[in-house]
Visitor: 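Got a structure for you, written out below as C-alpha cells; questions coming shortly.
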Amino acid sequence: MKKIVVLGSTGSIGTQTLDVVRSNSDMEVVALAAGSNIKLLEAQIREFKPCMVCVWDEEKAKELRILVRDCQVEITTGMEGLLACSVIEEADIVLTAIVGMIGIQPTIAAIKAKKDIALANKETLVTAGHIIMPLAQEYNVKILPVDSEHSAIFQALNGENYSRISKILLTASGGPFRGKTTEQLKKVTLEDALKHPNWSMGRKITIDSATMVNKGLEVIEAKWLFGVGFDQIEVVVQPKSIIHSMVEFVDGGVIAQLGTPDMKLPIQYALTYPDRRILEGERLDFKTLSNIAFETPDYNTFKGLSLAYEAGRLGGSMPTVYNAANERAVAKFLNREITFLEIYEIIEDAIQSHHKVDNPSVSEILQIEAQTYERIESKFHV
Ligand code: NAD
Ligand code: MG
C-alpha cells in the first residue's frame, strides 16, 4: 500500500489526485488538507477514510467536526494542522497541491519526517529551492515533480546522467493572450484571462498562465529540480500543449515527452515512480497531428517571463519577491481591483525596490513575503 497525504485535496490537482487513488487499489489516503470547502471534504472523508484532515479556516473546521462526528477522523486547523498532516506517521508520500508560499513549511516538515514529496506547489520551490533541495538530499527523500513540464523533463531524464544535459526546452502554450500586443492587453477582462485554451486549472495558475508568470515560475522550478543554470533553460511556445517539454543533451540528441493534456499522467507517475501504470483516457493520434508548431515567446509583451529570468538570475530573496508580488497582484486582479497589465507593474516595482538577501532562511523568506505585501498594499491600494 502506498500511503498518501494530499495537501489541497479540494482543488484542481487535489481532486485529480483522488481520481488516481480511486483507480489504483494499492494506494490509500491517510490525510487531507484544504482551505474551506467542507462539503467536498466531508464527501472525501466518507470515501477515502483518512485518519487526519486539516481545514485552514477555523470556523469551517468546527462545522466539519459536526458533519463527520460519526467518522473516525481527527480534524485539525491552521498551520498547525497542515504541519500535523504533513508528518503523519502512516504516510509514505505527501502530494503538495496547495497554492502559494503557504506550502513552504509543510513541505519542509514532511521532508524532515522522511516523506517523499510529489510536488505540484511550485511556489515553494521557487522561493525556497535553496533550502528544499539540499534538505531532501540530506534526508534521502525524493522530490517528484507533478507539474506537467517538469514531469516531462523528469521522464526524459530517466536513466540519464544529469551532467550531460545541454539544455532544457520548457514548452509553453502561450496562454489565452498569445499573439496579443500590449495595447490589446490593456483591455482584457478577468473572464478573458480565465479562459485557458488547453488546460482546466485553479484560478491563480490560470491567471499566471495568461501573464506567463506561470512559465517564469516554472523556469525557476526547473533550475532547482534539475540543477541547471538559467542559460540552460529555454522556453519554447508550442500552442497545442502536446509536447510537455524536452531535454537536449550534449550530443545534440533531444528527448521529449508527449501526450494529451491530462494532469492525471504526471500525478500518477509521481505516485508510482519508477513504475508506469495503465491510465485510461484519450491517446494522441499521430495521423491527425499534422501541425505541431513552435514559436519564440514574446518577452517584451509578456513581461512575467522576462521578470522571472531577471529575479532568478539575481537569486537570493529576489524569486521570493517576484512570487509574493505576483501572488498579491493576482489576488487583486481576481478581486477586480487592478487591470491585467498592473500585475506586471506590481511585480516590477517590487523587484526594483527590494534589497536582495543572499541565502534567505525560512523566516527571512516569510518576512520578505510580508514586506512585499505591505508595500503593495500601501502603493497600489484602491
Ligand atoms: P486550486 O485553487 O484548484 O486548489 C488549491 C487547493 O489548496 C484547494 O484544495 C484549497 O482548498 C487548498 N488551499 C488553499 N489555501 C490553503 C490553505 N491555507 N490551507 C490548506 N489548504 C489550502 O489550485 P490548483 O490549480 O490545484 O493548483 C495547486 C498547485 O499546483 C499550485 O501551486 C499550482 O501552481 C500547481 N499546479 C497546478 C496545475 C493544475 O493543472 N491545476 C498544474 C501544475 C501545477
Ligand atoms: Mg506546468
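Read the numbers this way: they start at 1 and go in the same order the structure lists the ligands and their atoms.
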Visitor: May I ask you to identify the nearest protein heavy atom to atom 33 (C) of ligand 1, giving residue, atom name and distance to one decimal place in Å?
Guide: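 The answer is Ile205 CD1, 3.9 Å.
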Visitor: I'd like to know if the side chain of Lys114 and the backbone of Ile111 have a donor-acceptor N/O pair within less than 3.5 Å.
Guide: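 No, because the side chain of Lys114 does not come within donor-acceptor range (under 3.5 Å) of the backbone of Ile111.
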Visitor: Taking distance alone, with no angle check, do Gly202 and ligand 1 share an N/O pair under 3.5 Å?
Guide: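 It does: an N or O of Gly202 is found under 3.5 Å from an N or O of ligand 1.
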Visitor: Tell me whether ligand 1 is touched by Lys204 - counting only heavy atoms on the residue side and a distance under 4.0 Å.
Guide: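 No; Lys204 lies far enough from ligand 1 that no heavy-atom distance drops under 4.0 Å.
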Visitor: Backbone or side chain, does any N or O of Gly35 fall under 3.5 Å from an N or O of ligand 1?
Guide: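 Yes; the residue has a nitrogen or oxygen that sits under 3.5 Å from a nitrogen or oxygen of the ligand.
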Visitor: Under 4.0 Å between a side-chain nitrogen and a carboxylate oxygen: does that hold for Arg375 and Asp349?
Guide: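 A salt bridge links Arg375 with Asp349.
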Visitor: How far is atom 18 (N) of ligand 1 from its nearest protein heavy atom, and which residue and atom name does that atom have?
Guide: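 Scanning the protein heavy atoms, the shortest distance from atom 18 (N) of ligand 1 goes to Trp56 CD2, 3.2 Å.
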Visitor: Among all protein non-hydrogen atoms, which one is nearest to atom 39 (C) of ligand 1, and what is the separation to 0.1 Å?
Guide: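 Its nearest protein heavy-atom neighbour is Ile13 CD1, 3.5 Å.
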Visitor: What protein heavy atom is closest to atom 29 (C) of ligand 1, reported as residue, atom name and distance in Å?
Guide: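 Checking every protein heavy atom, the shortest distance to atom 29 (C) of ligand 1 gives Ile98 O, 3.5 Å.
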Visitor: Got an N/O contact under 3.5 Å between Gly8 and ligand 1?
Guide: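 Among all N and O atoms of Gly8, at least one is under 3.5 Å from an N or O of ligand 1.
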Visitor: Exactly one of Glu327, Glu337, Glu342 should register a side chain to side chain donor-acceptor pair (under 3.5 Å) with Lys332. Which one does?
Guide: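 Testing each of Glu327, Glu337, Glu342 against Lys332, the sole residue satisfying side chain to side chain donor-acceptor pair (under 3.5 Å) is Glu337.
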Visitor: Tell me if a side-chain donor or acceptor on Lys215 pairs with a main-chain N or O of Thr171 at a distance below 3.5 Å.
Guide: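 Judged by distance alone, yes, a pair lies under 3.5 Å.
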Visitor: Would you check the N or O atoms of Ser12, main chain and side chain alike, for any that come under 3.5 Å of an N or O of ligand 1?
Guide: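 Yes: some nitrogen or oxygen of Ser12 is under 3.5 Å from one in ligand 1.
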Visitor: Taking Glu42 first and then Arg46, would you say they form a salt bridge - that is, a charged N and a carboxylate O separated by under 4.0 Å?
Guide: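 Here Glu42 pairs with Arg46 in a salt bridge, since their nearest N and O are under 4.0 Å apart.
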Visitor: Taking just the N, O or S atoms of Asp147, which one is nearest to the Mg ion (ligand 2)?
Guide: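 Distance check against the Mg ion (ligand 2) picks out OD1 in Asp147.
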Visitor: Could any protein non-hydrogen atom be found less than 4.0 Å from atom 15 (N) of ligand 1?
Guide: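 No.
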Visitor: Closest to the Mg ion (ligand 2), which N/O/S atom of Glu218 is it?
Guide: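 For Glu218, the N/O/S atom sitting closest to the Mg ion (ligand 2) is OE2.
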Visitor: Specify the protein heavy atom at minimum distance from atom 23 (O) of ligand 1: its residue, its atom name, and the distance to 0.1 Å.
Guide: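 Ranked first by proximity to atom 23 (O) of ligand 1 is Val99 CG2, 3.5 Å.
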Visitor: To which protein heavy atom is atom 32 (O) of ligand 1 closest, and what is the distance rounded to 0.1 Å?
Guide: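 Checking every protein heavy atom, the shortest distance to atom 32 (O) of ligand 1 gives Glu123 OE1, 2.7 Å.
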Visitor: When only distance counts, is Thr10 in polar contact with ligand 1, meaning an N/O pair under 3.5 Å?
Guide: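 It does: an N or O of Thr10 is found under 3.5 Å from an N or O of ligand 1.
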Visitor: Between Ala308 and Gly216, what is the shortest heavy-atom contact and its length?
Guide: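 So the minimum-distance heavy-atom pair works out to CB-CA, 3.3 Å.
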Visitor: If you measure every N/O of Asp147 against every N/O of ligand 1, is any gap under 3.5 Å?
Guide: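 No: no nitrogen or oxygen of Asp147 is under 3.5 Å from one in ligand 1.
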Visitor: Would Gly11 count as a polar contact of ligand 1, with the cut-off being nitrogen or oxygen pairs under 3.5 Å?
Guide: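 Yes, there is a polar N/O contact under 3.5 Å.
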